[in-house]
K.L.:
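Have a look at this one before I ask anything.
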Amino acid sequence: MKQLMQGNTAAARGLYEAGCCVASSYPGTPSTEITEEAAKYDAVYCEWAPNEKVAMETAFGASLAGKRSFCGMKHVGLNVAADPLFTVSYTGINAGMVICVADDAGMHSSQNEQDSRHYARAAKLPMLEPSDSQEALEFFRKAYDISEEFDAPVIVKMCTRVAHSQSLVETGERVEIPSKPYEKNISKYVMMPGNAIKRHPIVEERMKRLADFSETSDLNRIDKGDENSVGIITSSTCYQYVKEACGDKYPVLKLGMIWPMPDKKIREFADSVNRLIIVEELDGFIEEHCLTLGLKCEGKSLFGCLGELSQNIIAEKLGMNTPSGVKLDGSVKIPARPPMMCAGCPHRGLFFTLNQAKCTVLGDIGCYTLGAVAPLSAMEMTLCMGASVSALHGFSKAGGKNAVAVIGDSTFMHSGMTGLANIAYNQSKSTVIILDNSITGMTGHQQNPTTGYNIKGDPAGKIDLESLCRAMGFKRVRVVDPYNLKECADVLREEMEADESSVIISRRPCALLKYVKHNPPLKVDNEKCRSCKSCMKIGCPALSMKDGKAHVDETLCVGCGVCEQLCRFGAFKGGK
């Protein structure tokens with residue numbers, strides 16, 4: 001049966017059909033939907049782990065027990081999971097284990113543009129790259145077979161365009177794989193130096209066998225062209241751009257297995273064309289490999305290493321029109337729509353308070369990173385998950401004053417706790433603010449260990465943030481309502497003046513959660529409004545100036561009352 005599927009949905013279908021039994025992931029755009037979709041299959045146990053390292057170790061444990069397993073993450077999440085990644089390459093697996101990493105060229109929702117292909121080479125693991133939804137399904141199925149044949153986890157690399165675009169997919173039936181018995185094998189699975197040094201030669205031999213497999217696998221194929229003046233080597237979504245730009249004019253070597261690459265096939269392809277061009281996003285990974293083979297080729301000199309490519313860019317650089325002759329007009333100017341926190345966002349009041357207090361705010365990863373955007377302009381640093389807490393400790397130890405850290409509840413569970421332990425242990429005078437909006441907001445409302453619900457929305461273990469912080473050694477743990485500006489200001493002042501470290505929990509559920517009941521929208525009394533624009537300082541999208549007076553968009557306003565607290569003239573009033 002054929003149906004239209006998003007790449008991530010097809011990937012989830014692929015791991016379901018392959019007989020995957022256990023999936024553990026941490027949400028991260030553009031990878032999130034794979035695990036969400038997999039959770040719809042009762043045959044696959046799915047969970048949100050506190051972070052990617054835990055997810056990968058959980059998947060390894062399931063593999064060890066004899067069940068095919070999966071873990072998914074975005075590219076920066078693989079940094080967090082790098083520790084187990086490199087060592088599981090040495091231990092190998094029992095049942096098949098697949099790791100999905102989704103890159104984000106163009107940084108649509110990420111803090112960098114790193115290229116995850118380097119991880120496959122560095123960790124000495126096979127990596128597959130699908131170019132559409134059908135291949136996402138097929139490659140996930142094949143990845144399990146490769147994993148078990150070569151005793152190694154297999155990395156499947158998605159990207160934003162493949163993950164979130166839709167194309168036709170032909171689905172199949174689930175194959176139930178018998179559980180592989182676990183057998184005690186200390187020399188294989190206990191990676192102390194004496195055992196690990198004996199596993200390294202096994203890893204190197206495995207890479208040679210994988211390279212031979214790559215030469216004959218249908219994962220790598222050649223599309224014939226009408227002429228051989230140019231030959232193109234490409235992979236992933238760039239394959240689609242090349243085909244749209246060039247049609248069948250030039251032969252194309254499509255690499256579905258991006259590591260290890262088929263050296264013999266690449267050389268033979270290069271010998272068959274007059275000019276060899278490598279089309280790939282971000283780093284010149286394929287190009288560098290071709291150069292090590294002694295081949296003359298072009299790639300980054302034409303396309304650069306920044307951002308996403310497109311069929312128009314490729315057609316332009318190759319000096320040709322697309323087959324349809326249609327070219328998007330890049331001169332059309334679309335009005336800018338800067339990102340902003342939603343109307344009623346519980347973080348807005350707290351960030352306004354921090355702005356007014358003129359604090360140095362060290363921030364973290366989440367939708368609250370928008371606290372750096374005008375007019376709040378309250379956040380001054382964002383590095384990576386959990387860095388706000390650790391950086392605050394260093395900032396304080398170096399003599400920095402009047403600084404706080406802000407971190408979301410999910411991010412705190414991900415990697416903020418260790419930084420908080422460092423503050424407690426090494427005693428810096430630091431104030432950490434946990435922005436508890438009762439959900440993982442930025443990636444689309446996934447549950448986390450503080451919400452009390454699992455990936456399916458069923459009741460689960462719930463971590464009490466206040467008790468946790470006190471158990472870590474903090475005597476001063478305060479809870480504030482970010483809709484109450486006076487309370488926020490008073491507590492912030494008291495904690496920053498205290499002669500010891502403290503934690504403030506700013507608690508109010510995300511305004512977009514379906515169970516949150518809102519107040520009626522506010523209205524403006526034009527007779528009382530003095531056009532002072534004090535209310536505009538919070539940057540709420542429900543507020544604007546209309547005919548010189550403050551105006552509330554009733555379709556957006558959730559009646560949080562933060563703007564009402566800023567008006568000295570009582571111009572705001574509750575809706576009827």
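Heavy-atom basis, side chains included; hydrogens, waters and symmetry copies ignored.
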K.L.:
Under the side-chain contact (heavy atoms from CB on, under 4.5 Å) rule, collect the residues that match up with Ala10, sequence neighbours excluded.
P.N.:
Met5, Ser133, Ala136, Leu137, Val169

K.L.:
What closest approach, in Å, do Gly561 and Leu522 show between heavy atoms, and which atom pair accounts for it?
P.N.:
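Nearest pair, atom of Gly561 first, then Leu522: CA-CD1, 4.1 Å.
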
K.L.:
What verdict does the side chain to side chain donor-acceptor pair (under 3.5 Å) test give for Thr555 and Asp553, after you've listed the backbone C-alpha separation in whole Å, the side-chain angles of each residue and the deciding distance to 0.1 Å?
P.N.:
CA-CA 5 Å; Thr555 64; Asp553 184 337; 2.5 Å; yes

K.L.:
So for atom OH, which belongs to Tyr453, do other residues, nucleotides or ligands contribute more than 12 heavy atoms lying within a distance under 6.0 Å?
P.N.:
no

K.L.:
Which heavy atom in Lys486 sits nearest to a heavy atom in Gln565, and how many Å separate them?
P.N.:
N-OE1, 4.3 Å

K.L.:
Would you say Lys475 has more than 12 foreign heavy atoms packed within less than 6.0 Å of its NZ?
P.N.:
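No, not enclosed.
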
K.L.:
Test: salt bridge (Lys or Arg N to Asp or Glu O under 4.0 Å). Region: residues 47-60. Which pairs qualify, not counting sequence neighbours?
P.N.:
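Listed once each, the pairs are Lys53-Glu57.
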
K.L.:
Between Arg348 and Cys342, which heavy-atom pair has the shortest distance, and what is it?
P.N.:
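What the structure gives for the nearest pair is NH1-O, 2.8 Å.
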
K.L.:
Is a donor from one side chain sitting under 3.5 angstrom from an acceptor on the other, for Gln427 and Glu500?
P.N.:
no

K.L.:
Check Pro346 against Ala511 and note the closest heavy-atom contact, atom names and distance.
P.N.:
CD-N, 4.1 Å

K.L.:
Is it the case that the side chains of Ser110 and Lys74 hold a donor-acceptor pair, with the cut-off being a distance below 3.5 Å and no angle test?
P.N.:
yes

K.L.:
With a 4.0 Å cut-off, would you call Arg507 and Asp481 a salt bridge?
P.N.:
no

K.L.:
When you look at His414 and Asn448, which way does the side chain to side chain donor-acceptor pair (under 3.5 Å) test go after all the steps?
P.N.:
CA-CA 9 Å; His414 178 284; Asn448 69 64; over 6 Å; no

K.L.:
Decide if atom CG of Asp547 counts as having more than 12 heavy atoms of other residues, nucleotides or ligands within a radius under 6.0 Å.
P.N.:
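No, the 6.0 Å shell around CG holds no more than 12 heavy atoms from other groups.
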
K.L.:
Could you go through the salt bridge (charged side-chain N to carboxylate O under 4.0 Å, His left out) check for Arg478 and Glu495 one step at a time?
P.N.:
CA-CA 9 Å; Arg478 310 283 296 276; Glu495 295 313 311; 2.6 Å; yes

K.L.:
Are a donor atom and an acceptor atom from the side chains of Thr160 and Asp104 found within less than 3.5 Å of each other?
P.N.:
yes

K.L.:
Is it true that, when you exclude Lys456 itself, more than 12 heavy atoms of the residues, nucleotides or ligands shown sit nearer than 6.0 Å to its NZ?
P.N.:
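It does: Lys456 NZ has more than 12 such atoms within range.
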
K.L.:
Distance only, no hydrogens: is a donor on one side chain within 3.5 Å (strictly under) of an acceptor on the other, for Ser502 and Thr431?
P.N.:
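Yes - a donor-acceptor pair under 3.5 Å links their side chains.
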
K.L.:
So, the side chain of Thr87 versus the backbone of Pro84: is there a donor-acceptor pair under 3.5 Å, distance only?
P.N.:
no

K.L.:
Is the count of non-hydrogen atoms from other residues, nucleotides or ligands lying under 6.0 Å from Phe86 atom CZ greater than 12?
P.N.:
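Correct, the count exceeds 12.
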
K.L.:
For Thr32 and Thr443, run side chain to side chain donor-acceptor pair (under 3.5 Å): C-alpha distance rounded to whole Å, both residues' side-chain angles, the deciding distance at 0.1 Å, then the answer.
P.N.:
CA-CA 7 Å; Thr32 306; Thr443 49; 4.8 Å; no

K.L.:
Check the pair Thr35, Ser25 against side chain to side chain donor-acceptor pair (under 3.5 Å), reporting the backbone distance first and the verdict last.
P.N.:
CA-CA 7 Å; Thr35 308; Ser25 304; 2.7 Å; yes

K.L.:
Suppose the criterion is ring pair (Phe, Tyr, Trp, His ring centres under 6.0 Å): which pairs have a residue in residues 348-395, not counting sequence neighbours?
P.N.:
His347-Tyr368

K.L.:
For a quick test of reading the model, state the closest non-hydrogen atom pair linking Gly106 to Glu308 and the distance between them.
P.N.:
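So the minimum-distance heavy-atom pair works out to N-CG, 4.1 Å.
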
K.L.:
Is there a side chain to side chain contact (heavy atoms under 4.5 Å, CB included) between Val22 and Val44? Walk through the geometry before answering.
P.N.:
CA-CA 6 Å; Val22 176; Val44 186; over 6 Å; no

